[in-house]
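Okay, so here's the structure we're looking at.
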There are 2 protein chains.
Amino acid sequence: MSPDQVEQTERRSGALLEYLARRMRLRSESVLAPLGLRPRHLVALTVLRDAGDMSQQGLAGTLQLDGTNVVGLLNDLEADGLVERRRSPEDRRRHVVSLTQTGAKRLNEAECALASVEDEVLGALNENERDTLYDLLRRATSEVPATCAEAAACAEVAAACTEEDR
Amino acid sequence: MSPDQVEQTERRSGALLEYLARRMRLRSESVLAPLGLRPRHLVALTVLRDAGDMSQQGLAGTLQLDGTNVVGLLNDLEADGLVERRRSPEDRRRHVVSLTQTGAKRLNEAECALASVEDEVLGALNENERDTLYDLLRRATSEVPATCAEAAACAEVAAACTEEDR
DNA sequence: TAAATGGTTGGCGCTACACAAACAATCTGT
DNA sequence: ACAGATTGTTTGTGTAGCGCCAACCATTTA
């Protein structure tokens with residue numbers, strides 16, 4: 001190899017994301033269990049809080065999860081009163097899924113309980129860095145790419161998309 | 001909820017991390033398949049590249065994976081010549097696992113191939129933001145929390161770093 | 001009225017993974 | 001030198017997550 005070659009690595013975040021997510025998830029499980037939640041429930045609740053009400057199909061698209069599995073997931077959450085299924089007025093076939101107050105509260109409790117986990121897993125990052133990490137993740141997840149067909153389903157709900165940034 | 005209420009959310013990254021990792025993984029699979037790799041292989045290769053040589057136990061600890069499963073994982077990678085198991089000179093029970101140059105090359109190829117996936121999943125982030133995201137993830141994963149006993153095992157082996165022929 | 005759509009249920013199957021047991025090679029303490 | 005612990009390997013078993021298919025309502029659309 002030439003001596004002055006700049007070894008430009010590819011810097012893809014995918015593997016690191018998965019690696020970190022696994023660590024986080026494994027440790028979260030025990031913390032979440034007393035709250036009657038599992039990691040995937042937390043993801044669903046988070047999505048519902050951050051993206052707002054959604055049809056079940058929209059949720060399936062967002063979570064990239066098979067529709068039949070979303071049913072079970074929502075059954076769990078609704079049984080605990082964390083989530084609500086209402087028939088859509090415009091199209092009564094649809095269910096509009098929304099976070100209840102109890103759901104929002106439980107989600108918040110869970111996030112509080114996860115402080116120790118985050119401290120452990122993100123121990124190498126200081127307060128500021130964790131904050132920007134959260135912001136980046138939040139922004140990355142807030143905008144659903146328009147490339148896929150699922151976007152169409154989501155777009156309907158996401159119609160209230162504003163281009164405000166701070 | 002009253003609109004003027006200052007809703008202080010907890011800003012935990014865990015759920016977002018998992019959410020994003022899932023999206024990334026699902027789309028990665030098809031891209032990785034022609035290279036004979038699966039997401040978890042990529043994680044292993046990435047860890048080996050970023051953290052250097054490691055005992056199998058150390059790898060199991062780092063990946064938070066059961067030891068017996070690490071065997072199978074490494075069998076896959078070694079069969080493809082992407083990874084090498086050498087007996088440790090100091091303790092011949094141990095295998096020192098290291099990335100081969102073919103492995104490094106394949107990893108790089110994979111990361112190149114994943115450009116489109118990242119474009120899609122991280123579409124909401126610009127070049128700079130993706131860069132800082134990568135840096136944050138990298139730093140978060142580079143420092144293994146000293147809480148666990150695994151750290152000792154890793155550190156011990158880490159001394160046996162070898163210069164690779166190129 | 002017929003066909004398509006959203007949701008629900010049940011079942012089948014695959015993959016990832018943990019866990020346990022048994023074994024070989026090797027190290028460590030007495 | 002011997003006993004016991006430790007690393008890695010194999011094999012087997014169990015379980016959870018999840019995709020997929022098929023059948024079935026309720027509703028909407030053609």
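All values reported here derive from a predicted model rather than from experimental measurement. Note on naming: letters A, B, ... go to the chains in the order of the sequence lines (proteins, then strands), and numbering restarts at 1 for each one.
In this structure B:D50 satisfies the side-chain hydrogen bond (donor to acceptor under 3.5 Å, both in side chains) test together with B:R138, sequence neighbours excluded. The side-chain hydrogen bond (donor to acceptor under 3.5 Å, both in side chains) check on B:N75 picks up B:R85, with sequence neighbours excluded. A search for side chain to side chain contact (heavy atoms under 4.5 Å, CB included) contacts involving B:N126 returns B:N128, B:E129, not counting sequence neighbours. Residues satisfying the side chain to side chain contact (heavy atoms under 4.5 Å, CB included) criterion with A:T100, sequence neighbours excluded, are A:E84, A:T102. Partners of A:D119 by side chain to side chain contact (heavy atoms under 4.5 Å, CB included), not counting sequence neighbours, listed by chain and number: A:R130. Judged as a side-chain hydrogen bond (donor to acceptor under 3.5 Å, both in side chains), and not counting sequence neighbours, A:R25 has no contacts. For A:R11, the side chain to side chain contact (heavy atoms under 4.5 Å, CB included) partners at least two apart in sequence or on another chain are A:T9, B:D131, B:Y134, B:D135.
Considering A:Q56, A:R86, A:Q57 in turn, A:Q56 is the only one that fulfils the side chain to side chain donor-acceptor pair (under 3.5 Å) rule with A:H95.
Closest-nucleotide positions on DNA chain D for B:R93 and A:T68 were compared, and the one nearer the 5' end corresponds to B:R93.
Closest heavy-atom contact between A:A60 and A:G67: CB-CA, 4.2 Å.
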Show me the side-chain donor-acceptor pairs of residues 32-49 of chain A shorter than 3.5 Å, one per line, residues at least two apart or across chains.
{"unit_1": "A:H41", "atom_1": "ND1", "unit_2": "A:R38", "atom_2": "N", "d": "3.0"}
{"unit_1": "A:H41", "atom_1": "NE2", "unit_2": "A:D76", "atom_2": "OD2", "d": "3.0"}
{"unit_1": "A:T46", "atom_1": "OG1", "unit_2": "A:L42", "atom_2": "O", "d": "2.6"}
{"unit_1": "A:R49", "atom_1": "NH1", "unit_2": "A:E111", "atom_2": "OE1", "d": "3.0"}
{"unit_1": "A:R49", "atom_1": "NH1", "unit_2": "A:E111", "atom_2": "OE2", "d": "3.4"}
{"unit_1": "A:R49", "atom_1": "NH2", "unit_2": "A:E111", "atom_2": "OE2", "d": "3.1"}

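Within a heavy-atom distance below 4.0 Å of DNA chain C, no residue of residues 32-47 of chain A is found. Contacts between residues 69-83 of chain B and DNA chain C, counted as heavy-atom distances below 4.0 Å, involve B:N69.
The residue B:R87 sits apart from the nucleic acid: no heavy atom pair falls under 4.0 Å. Using a 4.0 Å heavy-atom distance criterion, A:S88 is classed as making no nucleic acid contact. Residue A:D66 is in base contact, counting any heavy-atom pair closer than 4.0 Å across all strands shown.
A side-chain donor-acceptor contact under 3.5 Å links A:D91 to the backbone of A:R93.
Counting heavy atoms from C-beta outward, A:L137 and B:Y19 have side chains that stay 4.5 Å or more apart.
Put simply, chain B comes within 4.0 Å of DNA chain D, heavy atom to any atom, from D:dT6 to D:dG19, going 5' to 3'. Read 5' to 3', the first and last nucleotides of DNA chain C with an atom closer than 4.0 Å to a heavy atom of chain B are C:dT15 to C:dC27.
At a cut-off of 3.5 Å, with distance as the only test, a side-chain donor of A:Q64 or B:R27 sits close to an acceptor on the other residue.
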